[in-house]
Amino acid sequence: MKKYLHKVFEETAKKLEYLNGINITFDVPKIETHGDLSSNAAMLLTKQLKRKPREIAEEIISSLKIDEKVIHKIEIAGPGFINFFFTPEFVAQITKEILSSGEEYGKSKKHNGKKANVEFVSANPTGPLTVGHGRNAVFGDTIANLLEWVGYSVDREYYFNNAGRQMRVLGDSVRLRYLELLGNNIEFPADYYQGDYIKDIAKSLLDEYGDKLINEPAEGKFKDKAENEIFKDIKASLERLKIIHKIFYNENSLYEEGKIKNTIDTFKEKGLAYEKDNATWLKLTELGNEQDKVIVKSTGEPTYRLPDIAYHITKFNRGYDLMIDIFGSDHNATYPDVLAGLRALGFDSDKVKVLIHQFVTIMYDGEVVKMSTRKANYITLDQLEEEVGSDVVRYFFNMRNISTHMNFDLALAKKQSDENPVFYLQYAHARICSILKMIEKEELKASTENLELLATSEEQQLLRNLHKFKDEVLLSAEFFETHRICAYLEELAASFHKFYTFCRILGTERKLAEARVALAAATKIVIKNGLTILGVNAPERM
RNA sequence: GUGCCCGUAGCUCAAUCGGAUAGAGCAACAGCCUUCUAAGCUGUAGGUUAGUGGUUCGAUUCCACUCGGGCAUACCA
């Protein structure tokens, strides 16, 4: 529908030159009586032309050349909106396009040929993934899906660090549990990793080596074993949610390949780094940030900023057109430094999009559950997945704008799992599948021969929603918002359920029945495609 | 103190880069199954969009201040 109007306006702009001066957009009005599409062009031109908006609207309308078979009414409403009413026949034609594109329907070639990298999860292997990581994981994977739908070739990447203090403490935690199992009386430090998984790892080392590891250092077999086991679990947790990273990037390789040193040298050559108090500082003030920051500590170890910058340089060098970083809000202070550093080195930091999600507050029966991997009082992503299933987890984390602070009451989620919106969508899909099976027995088929018969308000509403899908995918990808897809699908499913209730197929005149089957089949495709983007299953039966 | 995010119905959240009468789900109440899945549909009720000003044809959206919450504010990552 929009495509048609854009064409018409382009033609008209040749006559009314002032139309070229504004960005003409068409919105779907909230209220049905305001038409199928609406333009605020006249209002936007008020200031520029110094004329009344309704008067401008009149002039625009009288210059438009439209096909009566496509648009049957145009009116001026309110302060100067131009509302377009499409003919039911035209609206119904979308069915054909959907049926012929099938699984491809909704994909676009807008960014064909471009490469994107989505870095997400990136939790260090010190413990199982928590519910808190779930939001990051699900959102990141869905963003990657969305980018693929608009044409990008996407690499999913996981950045991790298996060195440093955290990992030393991890190894030593395992070592102490191991010694404990050998009958030693150990005082286990409060700031060590308390979780039972540490004991499990210690146990499997005991089974494998007996008491031969008594004198093994914490950073030897203990750390290695812990890292391997934990990573295995993390990957398994992600896989249960259909999340598979293509690249695991080890921070250590930045050191081994000399990339850290190169980065410092470059900063120094450009006069952007200096020594003070035995440490190396980055002149961020010169780059427009608030204060200078340390990039190499007086101990000689870099702070996180330096490897982060070096890491992003590798992404640039790998040729990505778009690099997405997905972080929790605890990172909100760090990325401006990294971006400024990249800019200073001549990289186009606009290609890096940092998406920050707010934290999930986990509640249990109204009580806030504080999460800490160290203290092991967390709820794991696995537990959540077992409790409510992968579909609900994925839908739940996708359905909210990432900038909201999300409250999640686990006890409530269990109780309400039957009434979760994801079932509403899946139910619509299952109902359609059931119709499609039924019509075989009745010797009916889907037919697009007489689509103009789809003229009731329920049918037209459903059709109008089908029209929106492509735009929703594009907008969701452009704004990096997954919740739009959820909101859209809920609207679509609602209009289908209404259609289902009021527009029967059995007992209806054959031509109309077959047009309705076609409409149902098209709806099935769009629901399924939408759920596919979200990574949620579309069951044939429920 | 400063920076970022947030405050919308009893609860969880939407609202198309400023649009028309602020919408859904859950919870509550009243209806609808001898024909395609009642995990559905129809209806009722629920709001000073935290507050006060400002910007303009028009503000939940932008700006300023106030109140309240989250996250940061390291030579931790």
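So that the names make sense, note that chain A is the first sequence line, chain B the second, and so on, each numbered from 1. The basis for the numbers below is simple: all heavy atoms, side chains too, and nothing from hydrogens, waters or symmetry mates.
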Exercise. At under 4.0 Å between heavy atoms, which parts of nucleotides 40-46 of chain B does protein reach? Answer with one letter per nucleotide, 5' to 3': B base, S sugar-phosphate only, - none.
Key: SSS----

Rounded off to whole Å, could you give me the [atom1]-to-[atom2] distance for the [X] and [N] pair?
X: A/Asn278; N: B/A74; atom1: CG; atom2: P; value: 20 Å
X: A/Asp191; N: B/C76; atom1: CG; atom2: P; value: 17 Å
X: A/Glu514; N: B/C36; atom1: CD; atom2: C1'; value: 15 Å
X: A/Tyr395; N: B/C26; atom1: OH; atom2: P; value: 13 Å
X: A/Arg504; N: B/U35; atom1: CZ; atom2: C1'; value: 7 Å
X: A/Asp325; N: B/A77; atom1: CG; atom2: C1'; value: 15 Å
X: A/Phe396; N: B/U12; atom1: CZ; atom2: C1'; value: 8 Å
X: A/Arg54; N: B/C57; atom1: CZ; atom2: C1'; value: 13 Å

Who are the salt bridge (Lys or Arg N to Asp or Glu O under 4.0 Å) partners of [X], not counting sequence neighbours?
X: A/Lys259; result: A/Glu257
X: A/Lys2; result: A/Asp471
X: A/Lys268; result: A/Glu275
X: A/Asp292; result: none

Between [N] and [M], how far apart are the two [atom1] atoms, rounded to whole Å?
N: B/G7; M: B/U42; atom1: C1'; result: 34 Å
N: B/C13; M: B/G46; atom1: C1'; result: 16 Å
N: B/A20; M: B/U2; atom1: P; result: 36 Å
N: B/A59; M: B/C17; atom1: P; result: 16 Å
N: B/C11; M: B/G47; atom1: C1'; result: 15 Å
N: B/A24; M: B/C62; atom1: P; result: 24 Å
N: B/A28; M: B/U21; atom1: P; result: 33 Å

Quick one: label [X] by what it contacts on the DNA or RNA (base, sugar-phosphate, nothing), any heavy atom closer than 4.0 Å.
X: A/Val296; result: nothing
X: A/Cys503; result: base
X: A/Glu251; result: sugar-phosphate
X: A/Asp277; result: base
X: A/Thr46; result: nothing
X: A/Arg165; result: nothing
X: A/Ser403; result: sugar-phosphate
X: A/Ala428; result: nothing
X: A/Asp308; result: nothing

Flag the pair [X] / [Y] as yes when their ring centroid distance falls below 6.0 Å, and as no otherwise.
X: A/Phe397; Y: A/Phe139; answer: no
X: A/Tyr249; Y: A/Tyr311; answer: yes
X: A/Tyr500; Y: A/Tyr427; answer: no

Quiz prompt | Intra- and inter-strand pairs of RNA chain B in dot-bracket (Watson-Crick or G-U wobble, both distances under 3.5 Å; | for another strand) | solution = (((((((..((((.....[...)))).(((((.......))))).....(((((..]....))))))))))))....

Exercise. Ignoring hydrogens and angles, answer whether the base of B/A20 and the side-chain atoms of A/Asn83 contain a donor-acceptor pair closer than 3.5 Å.
Key: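 Such a pair is found, so the answer is yes.
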
Quiz item: Ignoring hydrogens and angles, are the base of B/C6 and the side chain of A/Thr404 linked by a donor-acceptor pair under 3.5 Å?
Solution: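 No such pair is found, so the answer is no.
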
Exercise. Could you label the plane-to-plane angle of the A/Tyr158 and A/Phe160 rings as parallel, tilted or perpendicular, counting under 30° as parallel and over 60° as perpendicular?
Key: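 The rings of A/Tyr158 and A/Phe160 stand perpendicular, inter-plane angle above 60°.
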
Let's see if you can work this out: which of [options] has an atom nearest to the side-chain heavy atoms of [X]?
X: A/His483; options: B/A14, B/U16, B/A24; value: B/A14
X: A/Leu506; options: B/U35, B/C17, B/U37; value: B/U35
X: A/Met406; options: B/G19, B/C36, B/C13; value: B/C13

Quiz item: Pick from A/Ile94, A/Leu462, A/Leu466: which one makes a side chain to side chain contact (heavy atoms under 4.5 Å, CB included) with A/Val526?
Solution: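 Single pass found, and it is A/Leu466.
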
Quiz item: A/Leu444 pairs by side chain to side chain contact (heavy atoms under 4.5 Å, CB included) with which of A/Thr508, A/Ile439, A/Leu436?
Solution: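 Exactly one pass, corresponding to A/Ile439.
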
Quiz prompt | By ring-ring contact (aromatic ring centres under 6.0 Å, His included) - contacts of A/Phe120 (at least two apart) | solution =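 If we apply the ring-ring contact (aromatic ring centres under 6.0 Å, His included) test to A/Phe120, skipping adjacent residues, the hits are A/His245.
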
Quiz prompt | Any pair counted as salt bridge (Lys or Arg N to Asp or Glu O under 4.0 Å), so long as it reaches residues 300-314 of chain A, sequence neighbours left out | solution =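 Matches after skipping sequence neighbours: A/Lys297-A/Glu301, A/Arg305-A/Asp337.
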
Quiz item: Does anything in residues 499-512 of chain A pair up under salt bridge (Lys or Arg N to Asp or Glu O under 4.0 Å), and if so which pairs, sequence neighbours excluded?
Solution: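 Sorted pair list: A/Arg510-A/Glu514.
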
Polar-atom pairs under 3.5 Å, protein N or O versus N or O of nucleotides 59-61 of chain B: list them with distances, or write none.
none

Self-check item: Within 6.0 angstrom of A/Arg51 CZ, more than 12 heavy atoms from elsewhere
Solution: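 More than 12 within 6.0 Å, yes.
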
Quiz item: Is the NZ atom of A/Lys437 crowded by more than 12 outside heavy atoms at less than 6.0 Å?
Solution: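 Enclosed.
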
Quiz item: Near RNA chain B, which residues from residues 32-44 of chain A have a heavy atom under 4.0 Å away?
Solution: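 Heavy-atom contacts with RNA chain B come from A/His34, A/Ser38, A/Asn40, A/Met43.
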
Quiz item: Any ion pair linking A/Asp172 and A/Arg168 (charged N to carboxylate O, less than 4.0 Å)?
Solution: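 Judged by the 4.0 Å cut-off on N to carboxylate O distance, A/Arg168 and A/Asp172 do not form a salt bridge.
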
Under 3.5 Å, is there a donor on one side chain and an acceptor on the other for [X] and [Y]?
X: A/Asp36; Y: A/His467; answer: no
X: A/Arg394; Y: A/Thr142; answer: yes
X: A/Thr126; Y: A/Asn124; answer: no

Quiz prompt | Assigned glycosidic conformation for B/C33 [threshold 90° from 0] | solution =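 Syn for B/C33; the angle stays within 90° of 0.
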
Sub-3.5 Å pairs of nitrogen or oxygen atoms, protein against nucleotides 71-73 of chain B:
{"residue": "B/C71", "atom": "O2'", "partner": "A/Ser329", "partner atom": "O", "Å": "2.9"}
{"residue": "B/C71", "atom": "O2'", "partner": "A/Asp330", "partner atom": "N", "Å": "3.2"}
{"residue": "B/C71", "atom": "O2", "partner": "A/Asn332", "partner atom": "ND2", "Å": "3.2"}

Exercise. Respond yes when some side-chain nitrogen or oxygen of A/Lys2 is under 4.0 Å from OP1 or OP2 of B/U16, and no when none is.
Key: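 Looking at the OP1 and OP2 atoms of B/U16, neither is under 4.0 Å from any side-chain N or O of A/Lys2.
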
Practice problem: Report yes if at least one side-chain N or O of A/Lys441 is closer than 4.0 Å to OP1 or OP2 of B/C36; otherwise report no. | Solution: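 No, A/Lys441 has no side-chain N/O under 4.0 Å of OP1/OP2 on B/C36.
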
